[in-house]
Amino acid sequence: MIKQAIIPLAGLGTRLLPLTSIFAKELLPINGKPGIEYILDECINAGIKEIIFIISTKKLMIKKYFYSDQLYRSIIKKNKDPRIINEYKKILKYKKKIKFVYQNIPKGTGDAVFKTKKYITNKYFLMLLPDDLIIKKNCSKALIKVHEKHKASVMASMKVKKRSVSRWGIYKLKKKINKRDFVIDGVVEKPSIKNAPSNSAVIGRYILPRKIFKKLKFLKPNKGNEIHITDAIQLLINDKEKFIAHNFEGKYLDCGTMNGYINSSKVIEKL
Ligand code: G1P
């Protein structure tokens, strides 16, 4: 059973400047609700019991968001606004499940994952990248189902335009299992159009094995001078670990870029 999830939140959010110059991008509202709450709801509805946030001292605002008890209590005491009571209950529900670890130097997603090593107690865990919203269908739940059926690592996947492959991690496909699931042979981080093994991209939902920490420990920075989770996954595939790409059913919203972020509120508003 997948019971633990990790969420890297220490990134600087430069693609969303100026909104992120003093504000954590994950708290920016998307149709009136902070982006991170969509991610938390997805986790909790998928049966996750413990969520590890990887933050940095520059992003303590995220921790404060879940620890404003005094503010809520004093407001509720003064006026018993049912909306505020409900919001506070929701925050308390999230807070009970969240643990915080720190990545103070942004050295990439691989390094962020490594920071959670001593907290991961199960053989497999879920990772969600908060820039990637997937709506209409719970993608984490679908990945967990694939994992349980095949006892393998799983990543969310989507076909992208050939000309945009250098924005993503791109898979090399090995074998089709069914309409949505493929065993993969490899994955490369942000390849050039010429070197891309396909146009199937990794989207930010992963079920990873605990043994990935052994690979991350010795991994050197690569593209953009960052330690990439993609490179650790490739090392595991070289060791014959089975990885499945799952073409998810929901709608993907890229909230990590300015156009994508603006568009996401419009799409959710129309739901
Ligand atoms: C990260 C991953 C990349 C993946 C993408 C999905 O990139 O490194 O492999 O395709 O998320 O959104 P980033 O968005 O941090 O540049």
Side-chain angles (χ1 to χ4, degrees), residues 1-11 24-55 59 61-69 72 76 82-101 109 112-113 115-116 119-149 153-156 203-210 229 246 248-256 264-265 267-269 271:
M1 288 299 252
I2 307 287
K3 293 288 166 215
Q4 293 181 298
I6 69 169
I7 307 180
L9 296 158
K25 67 175 171 187
E26 298 81 5
L27 294 179
L28 288 171
I30 298 172
N31 194 37
K33 169 168 152 177
I36 190 68
E37 290 196 13
Y38 291 91
I39 303 283
L40 284 170
D41 291 344
E42 179 181 326
C43 277
I44 294 169
N45 293 333
I48 295 296
K49 302 288 177 224
E50 183 181 63
I51 302 157
I52 301 169
F53 276 17
I54 306 128
I55 60 167
K59 295 186 80 178
M61 175 188 280
I62 296 177
K63 186 166 184 185
K64 284 189 190 146
Y65 182 78
F66 296 94
Y67 278 80
S68 300
D69 301 58
Y72 280 103
I76 291 167
R83 192 185 75 83
I84 309 277
I85 295 173
N86 263 338
E87 289 297 330
Y88 183 44
K89 276 193 190 149
K90 204 172 65 176
I91 296 281
L92 286 178
K93 181 185 83 179
Y94 293 143
K95 188 169 92 169
K96 265 206 306 213
K97 296 195 163 58
I98 304 172
K99 269 197 181 131
F100 294 86
V101 302
T109 314
V113 174
K115 301 285 189 229
T116 67
Y119 299 96
I120 299 297
T121 48
N122 300 332
K123 217 169 148 195
Y124 288 88
F125 59 97
L126 171 70
M127 171 163 78
L128 303 94
L129 301 185
D131 282 357
D132 295 345
L133 273 199
I134 299 170
I135 54 166
K136 291 189 178 166
K137 199 96 191 166
N138 189 319
C139 180
S140 294
K141 206 183 226 175
L143 257 53
I144 290 172
K145 231 172 148 181
V146 176
H147 163 76
E148 279 167 1
K149 184 161 179 211
S153 300
V154 192
M155 292 182 280
I203 301 301
R205 302 289 184 276
Y206 307 70
I207 291 178
L208 298 169
R210 202 174 48 199
I229 195 65
H246 172 74
F248 58 91
E249 272 181 80
K251 182 169 174 55
Y252 168 65
L253 300 170
D254 179 6
C255 299
S264 58
S265 284
V267 174
I268 292 179
E269 192 191 356
L271 285 183

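- For the pair R205 and L133, the tightest heavy-atom approach, listed with the atom from each and the gap, is NH2-CA, 4.1 Å.
- By the salt bridge (Lys or Arg N to Asp or Glu O under 4.0 Å) test, K115 pairs with D111, sequence neighbours left out.
- With sequence neighbours excluded, the residues that form a side-chain contact (heavy atoms from CB on, under 4.5 Å) with K137 are E249.
- Looking at K141 and E42, their side chains never come closer than 4.5 Å, going by heavy atoms from C-beta outward.
- Atom CD of E37 is separated from atom CZ of F66 by 6.0 Å, given to the nearest 0.5 angstrom.
- For E87, the salt bridge (Lys or Arg N to Asp or Glu O under 4.0 Å) partners two or more places apart in sequence, or in a different chain, are K90.
- In this structure, I51 and I44 have side chains that are in contact, with non-hydrogen atoms separated by less than 4.5 Å.
- Annotation: the span from I268 atom CD1 to I135 atom CD1 amounts to 5.0 Å, rounded to 0.5 Å.
- When all heavy atoms of A156 and F248 are compared, the pair lying nearest together is CB-CD2, 3.9 Å.
- Every residue two or more places apart in sequence or in another chain that forms a side-chain hydrogen bond (donor to acceptor under 3.5 Å, both in side chains) with K95 is listed here: D69.
- Between M127 atom CE and I120 atom CD1 the span is 10.5 Å, to the nearest 0.5 Å.
- Every residue two or more places apart in sequence or in another chain that forms a side-chain contact (heavy atoms from CB on, under 4.5 Å) with K63 is listed here: I55, Y67, F100, Y102.
- Counting only heavy atoms from C-beta outward, the side chains of I229 and L208 approach each other to under 4.5 Å.
- The ring-ring contact (aromatic ring centres under 6.0 Å, His included) pairs that include a residue from residues 127-147 are Y124-H147, where partners are two or more places apart or lie in different chains.
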Discussion item. Would L271 and K136 count as a side chain to side chain contact (heavy atoms under 4.5 Å, CB included) here? Give the steps.
Written reply: CA-CA 9 Å; L271 285 183; K136 291 189 178 166; 3.5 Å; yes
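- Under the 4.5 Å side-chain criterion, counting only non-hydrogen atoms from C-beta, L253 is not in contact with Y38.
- Between P8 and I6, the shortest heavy-atom distance links the atoms CD-O, 4.0 Å.
- Between C43 and L128, the closest heavy-atom pair is SG-CD1, 3.3 Å.
- With E50 as the fixed residue, the side chain to side chain donor-acceptor pair (under 3.5 Å) test singles out one of K99, K97, K96, K3: K99.
- Scored by the salt bridge (Lys or Arg N to Asp or Glu O under 4.0 Å) test, D41 finds K33 as partners (sequence neighbours excluded).
- Annotation: ring-ring contact (aromatic ring centres under 6.0 Å, His included) contacts of Y206 (sequence neighbours excluded): none.
- Atom CE of M1 is surrounded by 12 or fewer heavy atoms from other residues, nucleotides or ligands within 6.0 Å.
- Q4 places no side-chain N or O within 3.5 Å of a backbone atom of I52 that could act as its donor or acceptor partner.
- Scanning both residues, H246 and L143, for their nearest heavy atoms gives CD2-CD1, 3.8 Å.
- The shortest side-chain heavy-atom distance between F53 and I36 falls under the 4.5 Å cut-off.
- At least one side-chain heavy atom of C255 sits under 4.5 Å from a side-chain heavy atom of I30.
- Within the 4.5 Å cutoff, side-chain heavy atoms of I207 are placed close to those of L126.
- In terms of the side-chain contact (heavy atoms from CB on, under 4.5 Å) criterion, K123 has no residue partners (sequence neighbours excluded).
- Not counting sequence neighbours, D132 has no partner by the salt bridge (Lys or Arg N to Asp or Glu O under 4.0 Å) test.
- With sequence neighbours excluded, the residues forming a ring-ring contact (aromatic ring centres under 6.0 Å, His included) with Y72 are Y88, listed by chain and number.
- Between S140 and I48 there is no side-chain heavy-atom pair separated by less than 4.5 Å.
- The distance from atom CG of D131 to atom CG of L9, rounded to the nearest 0.5 Å, is 9.5 Å.
- In this structure, A24 and I62 approach most closely via the heavy-atom pair CB-CG1, 3.8 Å.
- Residues meeting the side-chain contact (heavy atoms from CB on, under 4.5 Å) test with I85, sequence neighbours left out: I76, K80, K89.
- Looking at T116, its side chain never comes within 3.5 Å of a backbone N or O of A112 through a donor-acceptor pair.
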